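The structure appears below as structure tokens.
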Amino acid sequence: MRLFELKKLEIKDDIPLYITLCCKEPWKVDESGDIKLYKPITRDSNCCSQTPIYSLGLNPSSSKEKIDTLLQYFFQVCDVGMSPQSVWKTKDCDYISLLLEYTKHDQVKFDLVRDKILGQFPELLMSENCYEKLPDSAKLEDYIASIEVAYPETWTVEYAKIDS
């Protein structure tokens, strides 16, 4: 099994790191060509469309130790085949994402990672960090299908691949 190990982290500015929880959400194109989204579906459903449901930005000026701890941990548990990659950008900079997707054959690992992140950042689930409401009867663990930790490209991040 291959893992990453964070070797060096230099935070050079106060651009935030983002933690995002995503769920699966089916969509179709209607007759007018508009995309119609449907309610989130459980993580075991057959659907390849994922959408952010909760997101939290952490500024280094107030959360530097938490950011360091999170990156040290998430580099070790993220999906090596999908991480790191440049996924999106803001007006300030591009972001590099570390991704971990839910898979049925490794759901225990995913649930442990999810629970550890939520334990460290319970504010992630506050209403102001929510993009879309889950169905009222929903249990969070049935819906979260991926976790993304994205850091600004302006930071110096050095890592190594290791075999375990």
Side-chain angles (χ1 to χ4, degrees), residues 1-25 27 35 37 40 43 47-103 106-107 109-134 138 140-141 143-164:
M1 178 181 203
R2 300 202 99 189
L3 303 171
F4 287 129
E5 180 182 11
L6 183 61
K7 295 287 190 183
K8 179 180 178 182
L9 173 63
E10 277 183 31
I11 299 174
K12 301 175 182 178
D13 47 43
D14 201 37
I15 298 173
L17 170 131
Y18 286 96
I19 306 166
T20 305
L21 303 178
C22 297
C23 69
K24 292 183 176 182
E25 188 173 61
W27 58 272
I35 293 176
L37 295 173
R43 65 189 190 180
C47 173
C48 61
S49 176
Q50 293 200 20
T51 187
I53 195 154
Y54 292 100
S55 187
L56 176 66
L58 298 171
N59 288 66
S61 60
S62 60
S63 303
K64 192 169 184 170
E65 287 179 25
K66 281 186 162 188
I67 289 170
D68 184 56
T69 302
L70 175 66
L71 283 176
Q72 291 283 349
Y73 173 69
F74 209 72
F75 261 100
Q76 294 173 15
V77 298
C78 71
D79 185 334
V80 174
M82 298 175 65
S83 305
Q85 60 179 295
S86 183
V87 177
W88 50 278
K89 66 165 89 182
T90 65
K91 63 181 174 128
D92 295 323
C93 69
D94 289 352
Y95 273 82
I96 308 297
S97 291
L98 304 172
L99 302 166
L100 179 64
E101 286 194 348
Y102 167 79
T103 58
D106 208 358
Q107 73 182 35
K109 174 189 173 187
F110 184 87
D111 290 345
L112 287 171
V113 172
R114 182 202 59 219
D115 292 346
K116 183 169 176 100
I117 288 173
L118 290 176
Q120 187 177 0
F121 302 99
E123 65 271 27
L124 184 60
L125 299 180
M126 291 179 173
S127 59
E128 61 267 20
N129 297 319
C130 181
Y131 290 126
E132 186 170 346
K133 189 172 177 357
L134 290 173
L140 183 67
E141 57 269 12
Y143 284 84
I144 302 304
S146 68
I147 302 167
E148 175 188 26
V149 174
Y151 59 87
E153 194 175 55
T154 57
W155 296 1
T156 300
V157 177
E158 295 176 9
Y159 60 92
K161 284 185 183 180
I162 55 174
D163 292 316
S164 64

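A quick note: this is a predicted structure, and the numbers were derived from the prediction, not measured.
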Determine, stepwise, if the pair Gln107 / Tyr102 fulfils side chain to side chain contact (heavy atoms under 4.5 Å, CB included).
-> CA-CA 6 Å; Gln107 73 182 35; Tyr102 167 79; 2.9 Å; yes
Sequence neighbours excluded, the answer for salt bridge (charged side-chain N to carboxylate O under 4.0 Å, His left out) partners of Glu141 is none
Side chain Ser97, main chain Leu99, donor-acceptor under 3.5 Å | no
Going by heavy atoms in the side chains, are Asp92 and Pro152 under 4.5 Å from each other?
-> no
How long is the span from the CD atom in Glu101 to the SG atom in Cys78, to the nearest 0.5 Å?
-> 12.0 Å
Do the non-hydrogen side-chain atoms of Tyr95 and Thr90 ever get within less than 4.5 Å of each other?
-> yes
Using the side chain to side chain contact (heavy atoms under 4.5 Å, CB included) rule, take Thr103 and Phe110 through it: C-alpha gap first, then chi angles, then the decisive distance, then the call.
-> CA-CA 8 Å; Thr103 58; Phe110 184 87; over 6 Å; no
Is a side-chain donor or acceptor of Asn129 paired with a backbone partner of Glu123 at a separation under 3.5 angstrom?
-> yes
Would you say the side chain of Tyr159 lies within less than 4.5 Å of the side chain of Pro84, judging by non-hydrogen atoms?
-> yes
Residues forming a salt bridge (charged side-chain N to carboxylate O under 4.0 Å, His left out) with Glu128, sequence neighbours excluded = none
Side-chain donor/acceptor pairs under 3.5 Å, residues 11-21, sequence neighbours excluded:
residue: Lys12; atom: NZ; partner: Thr156; partner atom: OG1; Å: 2.7
residue: Asp13; atom: OD1; partner: Ile15; partner atom: N; Å: 3.3
residue: Asp13; atom: OD1; partner: Trp155; partner atom: NE1; Å: 2.9
residue: Asp13; atom: OD2; partner: Thr154; partner atom: OG1; Å: 2.5
residue: Asp14; atom: OD1; partner: Ser61; partner atom: N; Å: 2.7
residue: Asp14; atom: OD1; partner: Ser61; partner atom: OG; Å: 3.1
residue: Asp14; atom: OD2; partner: Asn59; partner atom: ND2; Å: 3.4
residue: Asp14; atom: OD2; partner: Ser61; partner atom: OG; Å: 3.0
residue: Thr20; atom: OG1; partner: Ser55; partner atom: OG; Å: 3.1

Could you label the plane-to-plane angle of the Tyr151 and Phe75 rings as parallel, tilted or perpendicular, counting under 30° as parallel and over 60° as perpendicular?
-> tilted
Would you say the side chain of Leu6 lies within less than 4.5 Å of the side chain of Tyr73, judging by non-hydrogen atoms?
-> no
When every non-hydrogen atom of Leu100 is compared with those of Phe74, the smallest separation belongs to CB-CZ, 3.9 Å
Is the shortest heavy-atom distance from the side chain of Tyr54 to the side chain of Met126 under 4.5 Å?
-> no
Search all heavy atoms of Ile67 against all heavy atoms of Leu58 and return the closest pair with its distance.
-> CD1-O, 3.5 Å
Keeping the roles fixed (side chain from Lys116, backbone from Asp111), state whether a donor-acceptor pair exists under 3.5 Å.
-> no
Any chance you could lay out the side chain to side chain contact (heavy atoms under 4.5 Å, CB included) test for Leu112 and Val77, step after step, and finish with the verdict?
-> CA-CA 10 Å; Leu112 287 171; Val77 298; over 6 Å; no
Tell me, do Trp88 and Asp94 make a side-chain contact under 4.5 Å, heavy atoms counted?
-> no
Does Glu153 reach the side chain of Ile96, with side-chain heavy atoms less than 4.5 Å apart?
-> yes
